[in-house]
There are 2 protein chains.
Amino acid sequence: MIERIHLRVVQAVEQHGSLTAAAKELCVTQSALSHTMRKLEDNLGTPIWLREGRSLRLTQAGRYLLNISNRVLPLLRHAEDKLKQIAQGERGTLRIGMECHPCYQWLLKVVSPFLDAWPDVDVDVKQKFQFGGVGALLDYEIDLLVTPDPFYKSGLCFSPVFDYEQVLVVAKHHVLAGRQYALAEDLRDQVLLTYPVATDRLDIYTQFLNPAAVVPKHHKTSEATEIMLQMVASDRGVAALPRWLAEEYAKKLPISVVRLGKDGIAKQIYLGTREGDAGIEYLKAFIDLARDYEHPAGVSDSQ
Amino acid sequence: MIERIHLRVVQAVEQHGSLTAAAKELCVTQSALSHTMRKLEDNLGTPIWLREGRSLRLTQAGRYLLNISNRVLPLLRHAEDKLKQIAQGERGTLRIGMECHPCYQWLLKVVSPFLDAWPDVDVDVKQKFQFGGVGALLDYEIDLLVTPDPFYKSGLCFSPVFDYEQVLVVAKHHVLAGRQYALAEDLRDQVLLTYPVATDRLDIYTQFLNPAAVVPKHHKTSEATEIMLQMVASDRGVAALPRWLAEEYAKKLPISVVRLGKDGIAKQIYLGTREGDAGIEYLKAFIDLARDYEHPAGVSDSQ
DNA sequence: TAATATCTATGAGCAAAATTAATTGATGCG
DNA sequence: CGCATCAATTAATTTTGCTCATAGATATTA
């Protein structure tokens, strides 16, 4: 009923003083505007202007409509700009899903240069998914998944960004501290600290404890890496973390790093995307940035 | 370019889950919406939805457009409601102009029941006019003029709302206090207090001092009635005010009232409107309320 | 697995709506 | 008074938007 053209006419008449001038502005004839506005006035049941001689003066209704015009039109114009930017891949929101708790620190270091390079792209990070990270990707909840477990499925595309070794972190003077490597049996009388996720998503279980049918004395969880490592430092438990992360914290806390098993546990971090999004420039750019990123400890290829 | 229909479709599809359902909601065929939205997508250069099988899933652009829809559509719907209320005279803004300083107190007492009776009508009061009250009326700066000086002119319409007597107010023990009436000469050695307006708009000059060619000793001005009367009470000057107003204040301040001249100065207050506004219900209602209002002192017809 | 139902996209034709051109009447202005 | 300019109006024309019919795709059901 009130259409965009009506708002534009009210605004243009106010700006240029007459219907004729407004018509020129809007690239139509004066007649067209006269007809159009007449129809709106009939529809509303009130004139927008008082016709005084050959000039128009806004009525109360007209003044109100002018207010609406001034509020709505900029919104629409701005929306069009933004949508066209989105169309050209210059603007958007990159929604990143994380399935790798300790990677958060790494992510922050990649996001920072990305935001500088793509000022019109926003970044959202989510960590909870009802149907797992892959589900979130397929459901368009997220656009990029950071995960150690690539799940090859048609429509999705995973690419590795860095390798690392998962290691055991213990207190500096812990009995395992000096060892060349730890065995599953060594954890039988230990308290194990992990992030609060299902055990089948924890490598320490799937690749280390379960194969040897070992269960640690206790299993406690912590959301925050910092807290977890302070617990480790005060010898209240041991934790399994990426080597680069553990070594980072080892500078500040009295902790030691021990290989898990004779050969260690090798891991990779992958970035997953939808194949359909292959054309999105800023997504490609993010993956490139992530792949190029050198770890501060230079551990990314050290294992 | 982005038209109202596009916003409505995006919203309806989100609400009802499919184009077909949205089409039913909007009372058109599915085909119409498909065509319409396709055109917008071509225009923007980006799809609004991803077509997955037979269902639609919003793209980033689509989500953005949905946001805009949720912001803009309620604005427009509300505007239509309001405009139709304005059309039916149920809603509006009554802009009142005052050319009679002391009437302000009276006005407040009329406005109060008016606002109760017309909850959807706002009231604005203005006191300064570049081209006088009549000019403001003709220029649509105001819709109603409160004035003691009706200025009959085609297109305008004045109706009296009450009569009153303009009297001299003096301190209780002033030399004129006991007099039956004052003469112009009595003011020759007095300080005269008035509102800060031109002398040709002050009755005390036009109807009293000027005919007798008398000029008071001093002429001081004050915006506020209360202040002016406190000055009078402390015998720093005399003032000319409506009798009803003076008697109101006489209850609280040590002041006396003296007739101006043998026959007194009779005044009326008029309400002026544009003839073209004769159909506005709430305007008529205001004038009726004003005319019916009885002065607290019952002075309106006492002179 | 075949049949059915349901969804979107598409093309052609048509009706309605918007626009224009031309004109009228009114009103400032020199 | 004559000229220029403005909004409204009428009729003609163009454009748009809508519907119908149908195809293609994909879930659902037997």
Side-chain angles (χ1 to χ4, degrees), chain A residues 1-59 61-62 65-66 138-140 154-155 276, chain B residues 1-59 61-62 65-66 138-140 153-155 275-276:
Chain A
M1 184 148 152
I2 296 179
E3 297 297 332
R4 187 170 183 175
I5 185 64
H6 299 127
L7 305 182
R8 297 218 290 160
V9 174
V10 171
Q11 209 179 51
V13 166
E14 202 59 16
Q15 216 171 102
H16 298 96
S18 74
L19 251 197
T20 308
K24 191 177 289 178
E25 166 81 13
L26 301 178
C27 300
V28 287
T29 60
Q30 167 267 325
S31 175
L33 297 195
S34 182
H35 283 298
T36 302
M37 296 311 288
R38 165 54 91 96
K39 204 184 304 181
L40 178 65
E41 289 179 325
D42 289 351
N43 211 319
L44 292 174
T46 175
I48 306 297
W49 295 284
L50 289 176
R51 278 72 171 175
E52 292 183 333
R54 58 183 189 179
S55 68
L56 303 177
R57 156 170 281 134
L58 283 175
T59 59
L65 200 58
L66 178 61
L138 289 169
D139 282 355
Y140 285 80
S154 82
Chain B
M1 183 149 154
I2 294 179
E3 297 297 332
R4 188 171 184 174
I5 184 65
H6 299 127
L7 305 182
R8 297 218 291 159
V9 174
V10 170
Q11 209 179 51
V13 166
E14 202 58 17
Q15 216 172 101
H16 298 96
S18 73
L19 252 197
T20 308
K24 192 178 288 180
E25 166 81 13
L26 301 177
C27 300
V28 287
T29 60
Q30 167 268 325
S31 174
L33 298 195
S34 181
H35 282 297
T36 302
M37 297 310 288
R38 165 53 93 97
K39 203 184 305 182
L40 178 66
E41 289 180 325
D42 288 351
N43 212 319
L44 292 175
T46 175
I48 307 297
W49 295 283
L50 289 176
R51 278 71 171 177
E52 293 184 334
R54 58 184 189 183
S55 68
L56 303 177
R57 155 170 283 133
L58 284 175
T59 58
L65 200 59
L66 177 61
L138 288 169
D139 281 355
Y140 285 80
K153 190 168 172 167
S154 81
E275 276 173 5

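Heavy-atom basis, side chains included; hydrogens, waters and symmetry copies ignored.
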Could you give the CG-to-C1' distance, from B:Leu26 to D:dG17, as a whole number of Å?
14 Å
C:dG11 P sits how many Å from B:Lys39 NZ, rounded?
14 Å
Quick one: does B:Ser31 reach the base of C:dG11 with a side-chain donor-acceptor pair under 3.5 Å?
yes
Between the main-chain N or O of A:Trp49 and the side-chain N or O of A:Arg51, is there a donor-acceptor pair closer than 3.5 Å?
yes
Within this structure, what is the CD-to-C1' distance between B:Glu52 and D:dA27, rounded to whole angstrom?
14 Å
Reading DNA chain C from 5' onward, which residue's closest nucleotide shows up sooner: A:Gln30 or A:Gly53?
A:Gln30
Please state how far atom CG in B:Leu50 lies from atom C1' in C:dA9, giving the value in whole angstrom units.
16 Å
Decide yes or no, distance alone: a donor-acceptor N/O pair under 3.5 angstrom between the base of C:dT8 and the side-chain of B:Arg51.
no
Just to be sure I understand the rule, does B:Ser34 reach a base, reach only the sugar-phosphate, or reach nothing, if contact means heavy atoms closer than 4.0 Å?
base
Separation of C:dA9 P from B:Leu33 CG (nearest whole Å)
10 Å
Pick base, sugar-phosphate or nothing for B:Thr36, based on heavy-atom distances below 4.0 Å to the nucleic acid.
sugar-phosphate
Return the value, rounded to whole Å, for the distance between atom NE2 of B:His35 and atom C1' of C:dA16.
16 Å
Contact class for A:Ser18 vs. all strands (heavy atom < 4.0 Å): base, sugar-phosphate, or nothing?
sugar-phosphate
Sub-3.5 Å donor-acceptor pair from the side chain of A:Gln30 to the main-chain atoms of A:Ala23, do we have one?
no
pair B:Leu40-B:Thr36: side-chain heavy atoms closer than 4.5 Å:
no
Integer-rounded Å distance: D:dG24 P and B:Leu19 CG:
20 Å
Using a cut-off of 4.0 Å on non-hydrogen atoms, how would the nucleic acid contact of A:Thr20 be classed: base, sugar-phosphate, or nothing?
sugar-phosphate
Do A:Thr29 and C:dA21 share a donor-acceptor pair, side chain to base, under 3.5 Å?
no
Spacing of CD belonging to A:Glu3 relative to CE belonging to A:Met1, to within rounding of 0.5 Å:
10.0 Å
Rounded interatomic separation in angstrom, taking CZ from A:Arg54 and P from C:dC29:
7 Å
Can you find a heavy atom in the side chain of B:Leu66 that is under 4.5 Å from one in the side chain of B:Ile48?
no
